[in-house]
Amino acid sequence: MIPYRAIQEVPMRMSQLFGQTLREAPADVEVESHRLLVRSGCIRQLGAGIFSYLPLGWRVVGKIQTVIRQEMERIGAQELLMPVVNTADIWKDSGRWDVIGPELTRFKDRQERDLVLAMTHEEAVSDLVRQEIRSYRQLPRLIYHLQTKWRDDPRPRAGLIRVREFIMKDSYSLDRDDAGLDLQYDRHYQAYHRVFSRCGLDALAVKSDVGMMGGKVAHEFMYLTPIGEDTIMICASCGFRANRQVAAFGRDEPDVRADAPAFDIEEVSTPDTTSIEDLTKLLGVPASRTAKAVFMVGQVNDAEAKLVFAVIRGDLEVNETKLANAAGVRALRPAQPEEITAVGAVPGYASPVGIDGVSVIADVSISTTPNLIAGANRQGYHLRNVNHGRDFTASVVTDIAAAQDGSPCPECGSPLAARRGVELGNIFKLGTRYSDSMGCFFLDEDGERKPVIMGSYGIGVGRLLASIAEEHNDKDGLLWPVTVAPYTVHLVVINGAENEAERLYLELERAGIDTLYDDRDERPGVKFKDADLIGIPIRITVSPRTIEQRAVETKLRHEPDRGSVAMDQAVEWARSTIALLEQPLGERANASPARAD
RNA sequence: CGGGAUGUAGCCUAGUGGCUAAGGCGCCUGCUUUGGGAGCAGGAGAUCGCGCGUUCGAGUCGCGCCAUCCCGACCA
């Protein structure tokens with residue numbers, strides 16, 4: 001038998017590295033992080049939203065995961081691993097089998113049993129909890145794992161920012177009461193702040209929609225960048241911030257006082273005037289004096305859909321998330337003209353006046369603004385002086401309007417700014433959403449059977465990596481923060497200094513410093529270009545020239561100038577430089593985060 | 001799912017119905033060179049996304065399909 005021995009005794013010589021750098025990125029790459037991650041040999045694409053991590057990129061993933069594990073352990077979390085393939089049973093138990101559409105991939109095994117690819121793990125964790133947790137003595141608990149998820153997203157984009165297969169850290173808190181949940185939620189809030197800070201990113205916590213997760217309170221941690229696909233409303237003066245999907249906002253004073261007398265309704269001829277814009281031109285009134293009818297169709301469940309008739313003042317836009325929540329439906333889509341006429345409304349001239357048998361959801365602006373101009377439900381005619389409560393009554397009056405750039409802050413009234421962001425992580429107070437449906441109960445001290453109070457907390461690892469790359473780069477390549485860099489030192493040897501470089505490489509390794517050693521038979525220019533592209537924070541060059549001085553050349557990736565250190569001081573210099581680079585990231589993590597409550 | 005774009009060697013590109021599909025990068029061999037993606041010589045590498053059609057002749061035109069990207073719809 002041949003005894004096992006490592007083919008290679010040390011971690012990485014570039015001559016052995018799997019994966020090449022590319023001088024040019026593939027043509028279909030659009031965003032900078034994607035371009036640089038591909039060019040530097042960190043990732044390769046297999047299909048839409050499906051990527052491989054090459055050794056260099058996988059090391060970054062490993063470093064990020066280490067940071068996450070440390071911060072999760074700091075708040076008392078225990079790591080475990082739940083399967084990617086779930087039985088359909090548990091998804092039927094939770095009810096999400098019927099609620100979630102094609103984004104959840106379903107398949108059958110050879111016995112024709114239904115299975116799903118897990119897109120998140122509330123069901124799996126609840127199945128564990130209902131087996132394991134029996135007594136209040138077993139609470140609280142906090143468990144997490146780092147696991148692959150699959151979501152058949154209709155539109156992956158921007159490299160690793162939005163993908164279909166991805167690695168996620170998800171943790172689940174288990175408590176006997178709301179106070180326990182609040183505490184664990186709060187700890188996650190702090191832990192997430194620390195994770196992102198240590199990775200070199202500022203993440204802004206914003207109030208968010210609970211979406212398909214169910215539950216009550218939720219925050220998202222956003223990295224602000226123009227390539228982000230979420231819109232966040234931010235108030236510069238009081239610190240209010242929320243995802244646009246849920247952002248409330250202050251309402252302007254209506255042009256007419258709410259208690260102004262209601263005039264008699266009258267019909268006015270408005271041929272070929274089917275938009276608010278046309279209407280304001282024809283009648284010479286501002287959009288804020290008009291009522292706009294919006295027809296959507298919402299899925300109640302897989303089988304059932306219903307028409308949602310929304311009314312909002314003409315100067316405002318409907319926020320579909322708010323509307324879906326108000327209507328108690330998911331997946332809104334614009335209604336077809338036939339679906340509108342079916343309830344007696346006339347597309348282009350629609351209004352709730354005179355419509356029966358369909359529930360109307362009105363924005364608060366409708367009830368606070370008197371004498372509006374609305375459709376007459378008759379081709380070519382509108383109505384003047386329509387008043388909510390007199391001429392029609394909505395079944396629901398609530399906030400369904402979308403905050404816009406410049407809308408007043410709901411807290412202080414200053415203008416809100418709309419910014420784009422990438423959602424790096426989120427935290428949800430689930431409450432008993434899954435405990436109730438899946439039977440996670442425990443016996444409390446008082447002998448009563450109670451549902452476990454749960455929370456769910458996620459971080460997208462690949463998206464975090466991409467965001468770091470997006471934030472930290474220059475024209476020459478990546479600039480990894482030292483905490484997540486694939487290696488901390490990039491050792492370059494110039495022809496003729498092999499013996500000295502080799503010796504330094506072994507010393508660095510022995511000192512426990514992650515070193516990428518460029519021992520390739522390449523010209524110096526090639527090696528320096530690759531070093532810049534790969535973006536390891538510390539570069540040490542050994543050449544015949546430096547050997548003459550009994551020294552090595554030093555260069556930090558984020559600084560333009562090169563320095564020099566005595567050969568026998570090189571390891572110590574590297575060690576202290578790493579500490580120096582880590583310091584500001586640690587300080588940021590220790591600073592307390594600004595809260596968005 | 002709607003709109004748009006693209007698909008030629010590992011990557012970037014040329015090829016505008018007509019001879020053996022062209023160039024650069026990268027790769028292999030040799031020489032030369034050695035501090036910011038060198039030079040010379042030689043070489044390997046392509047079912048031009050797939051299928052059907054039009055044509056004497058298709059990388060090029062038509063239809064269908066597939067794939068990828070962008071915008072929208074959608075989305076923890």
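In what follows, chains are A, B, ... by sequence order, proteins preceding strands, each numbered from 1.
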Engineer: B:G35, B:G37, B:G24: which one has an atom nearest the side-chain heavy atoms of A:R39?
Structural biologist: B:G37
Engineer: Answer with base, sugar-phosphate or nothing: what part of the nucleic acid does A:G496 contact at a heavy-atom distance below 4.0 Å?
Structural biologist: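 No contact.
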Engineer: Donor-acceptor pair under 3.5 Å: do we get one between A:D530's side chain and the base of B:G37?
Structural biologist: yes
Engineer: Counting distance only, does the side-chain N/O of A:R433 pair as donor-acceptor with the main-chain N or O of A:S94 below 3.5 Å?
Structural biologist: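 Pair found, side chain donor or acceptor close to backbone of A:S94.
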Engineer: With P as the reference atom in both, quote the distance from B:C52 to B:G57 in angstrom, rounded to an integer.
Structural biologist: 15 Å
Engineer: Do the side chain of A:K527 and the main chain of A:A531 share a donor and acceptor less than 3.5 angstrom apart?
Structural biologist: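 Here the side-chain-to-backbone pair does not exist.
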Engineer: Hey, does the side-chain of A:R520 have a donor or acceptor N/O within less than 3.5 Å of a partner on the base of B:G37?
Structural biologist: no
Engineer: Is there a Watson-Crick or G-U wobble partner for B:G57 with both distances under 3.5 Å, and which nucleotide is it?
Structural biologist: none
Engineer: Measure CG/A:L54 against C1'/B:G10 and give the value in whole Å, please.
Structural biologist: 13 Å
Engineer: Base, sugar-phosphate or nothing for A:R562? Non-hydrogen atoms, less than 4.0 Å.
Structural biologist: base
Engineer: Just name whichever nucleotide pairs with B:A21, Watson-Crick or G-U, keeping both distances under 3.5 Å, else none.
Structural biologist: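 Base-paired to nothing in any strand shown.
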Engineer: Whole angstroms only, please: what is the CG-C1' distance between A:D521 and B:A38?
Structural biologist: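 Going from CG in A:D521 over to C1' in B:A38 covers 14 Å.
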Engineer: The side chain of A:K555 lies closest to which of these nucleotides: B:G35, B:G36, B:U34?
Structural biologist: B:G36
Engineer: Expressed in whole Å, how much space separates the C1' atoms belonging to B:G39 and B:U20?
Structural biologist: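 Those two atoms are separated by 30 Å.
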Engineer: Which part of the nucleic acid, if any, lies within contact of A:Y457, taking any heavy atom under 4.0 Å across all strands shown: a base, the sugar-phosphate backbone alone, or nothing?
Structural biologist: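 Result for A:Y457 = nothing.
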Engineer: Rounded to the Å, how far apart are A:L533 CG and B:C25 P?
Structural biologist: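 Atom-to-atom, A:L533 to B:C25, this comes out as 19 Å.
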Engineer: Which nucleotide, B:C74, B:G35, B:C71, lies nearest any side-chain atom of A:R157?
Structural biologist: B:C71
Engineer: Given atom CD of A:E522 and atom P of B:U32, what is their separation to the nearest angstrom?
Structural biologist: 18 Å
Engineer: For A:E122, is there an ion pair with A:R96 - N to carboxylate O distance below 4.0 angstrom?
Structural biologist: yes
Engineer: Answer with base, sugar-phosphate or nothing: what part of the nucleic acid does A:A531 contact at a heavy-atom distance below 4.0 Å?
Structural biologist: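 Answer is nothing: A:A531 stays at 4.0 Å or more from every strand.
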Engineer: For A:D561 and B:G36, give me the distance from atom CG to atom P, rounded to whole Å.
Structural biologist: 17 Å
Engineer: Expressed as a whole number of angstroms, how long is the span from A:H34:NE2 to B:C69:C1'?
Structural biologist: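 Nearest whole value for this atom pair: 10 Å.
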Engineer: Heavy-atom count check: over 12 atoms from other residues, nucleotides or ligands less than 6.0 Å from A:R419 CZ?
Structural biologist: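 Incorrect, the count does not exceed 12.
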Engineer: Taking atom P in both B:C27 and B:G2, what distance in whole Å separates the two?
Structural biologist: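 Pairwise P distance, B:C27 against B:G2, rounds to 44 Å.
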Engineer: Once you apply a heavy-atom cut-off of 4.0 Å, does A:P156 come out as touching a base, just sugar-phosphate, or nothing?
Structural biologist: sugar-phosphate
Engineer: Which residue is it: A:T148, A:D152, A:V84? I am looking for the one with a side-chain contact (heavy atoms from CB on, under 4.5 Å) to A:E165.
Structural biologist: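 Among A:T148, A:D152, A:V84, the one meeting side-chain contact (heavy atoms from CB on, under 4.5 Å) with A:E165 is A:T148.
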Engineer: I'd like a list of close polar pairs between nucleotides 3-6 of chain B and the protein, N/O only, cut-off under 3.5 Å.
Structural biologist:
none

Engineer: Whole angstroms only, please: what is the CG-C1' distance between A:D518 and B:G36?
Structural biologist: 13 Å
Engineer: Which sits closer to the 5' end of RNA chain B, A:N426 or A:Q45, going by the nucleotide each is nearest to?
Structural biologist: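 Nearest-nucleotide comparison on RNA chain B picks A:Q45.
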Engineer: Tell me which one of A:Y457, A:F221, A:Y223 satisfies ring pair (Phe, Tyr, Trp, His ring centres under 6.0 Å) with A:Y192.
Structural biologist: A:F221
Engineer: Where does the angle between the aromatic ring planes of A:H219 and A:Y185 fall among parallel (under 30°), tilted (30 to 60°) and perpendicular (over 60°)?
Structural biologist: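 Tilted.
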Engineer: Using atom C1' in both nucleotides, what's the gap between B:G3 and B:G45 to the nearest angstrom?
Structural biologist: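 Straight-line distance between the two C1' atoms is 39 Å.
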Engineer: So A:R463, base contact, sugar-phosphate only, or nothing? Heavy-atom distance under 4.0 Å.
Structural biologist: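 Since a base atom lies under 4.0 Å of A:R463, the category is base.
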Engineer: Would you indicate what A:P154 reaches in the nucleic acid, counting non-hydrogen atoms under 4.0 angstrom: base, sugar-phosphate, or nothing?
Structural biologist: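 Result for A:P154 = base.
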Engineer: So what's B:C52 paired with, Watson-Crick or G-U wobble, going by both distances under 3.5 Å?
Structural biologist: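 Paired with B:C52, as far as the under-3.5 Å criterion goes, is B:G62.
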Engineer: What's the closest nucleotide to the A:R539 side chain, out of B:C12, B:G36, B:C27?
Structural biologist: B:G36
Engineer: Counting side-chain heavy atoms from C-beta on, which of B:G35, B:C12, B:C75 comes nearest to A:P524?
Structural biologist: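 Output: B:G35.
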Engineer: I want to check something: taking the side chain as every heavy atom from C-beta on, are A:Y517 and A:V493 in contact at a cut-off of under 4.5 Å?
Structural biologist: yes
Engineer: For B:C69, give the paired nucleotide (Watson-Crick: N1-N3 plus N6-O4 or O6-N4; G-U: N1-O2 and O6-N3; both under 3.5 Å), or none.
Structural biologist: B:G4
Engineer: Quick one: which residue pairs count as a side-chain hydrogen bond (donor to acceptor under 3.5 Å, both in side chains) with a foot in residues 32-47 of chain A, not counting sequence neighbours?
Structural biologist: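 Pairs touching residues 32-47 of chain A that pass the test: A:E32-A:R35, A:S33-A:E470.
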Engineer: Can you tell me how far C1' in B:C61 sits from the matching atom in B:U54, rounded to whole Å?
Structural biologist: 8 Å
Engineer: Around atom CD of A:Q20, are there more than 12 heavy atoms from other residues, nucleotides or ligands closer than 6.0 Å?
Structural biologist: no
Engineer: When the C1' atoms of B:U8 and B:G59 are compared, how many Å lie between them, rounded to an integer?
Structural biologist: 7 Å
Engineer: For B:U29, what is the paired nucleotide under Watson-Crick or G-U wobble rules, both distances under 3.5 Å?
Structural biologist: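 Pair assignment: B:U29 / B:A41.
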Engineer: Taking atom types as they are modelled, would you say the side chain of A:E553 forms a donor-acceptor pair with the base of B:G35 within the 3.5 Å cutoff?
Structural biologist: yes
Engineer: Assuming nearest nucleotide by heavy-atom distance, tell me which of A:E24 and A:G525 is located more 5' along RNA chain B.
Structural biologist: A:E24
Engineer: Can you find a donor-acceptor N/O pair under 3.5 angstrom joining the side chain of A:R155 to the base of B:C70?
Structural biologist: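 By the distance-only test, no, there is no pair.
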Engineer: Could you check whether A:R35 gets within reach of a base, just the sugar-phosphate, or nothing at all, counting any heavy atom under 4.0 Å?
Structural biologist: nothing
Engineer: Expressed in whole Å, how much space separates the P atoms belonging to B:A46 and B:A21?
Structural biologist: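 Roughly 12 Å separates the two P atoms.
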Engineer: Whether A:D476 and A:R557 form a salt bridge (side-chain N of Lys/Arg under 4.0 Å from carboxylate O of Asp/Glu) is what I want to check.
Structural biologist: no
Engineer: Scan A:E30 against the nucleic acid and name what it touches under 4.0 Å (heavy atoms): base, sugar-phosphate only, or nothing.
Structural biologist: sugar-phosphate
Engineer: Take atom C1' in B:U34 and the same atom in B:C71, then report the distance between them in whole Å.
Structural biologist: 49 Å
Engineer: Whole-Å distance between B:C25 C1' and A:R23 CZ?
Structural biologist: 6 Å
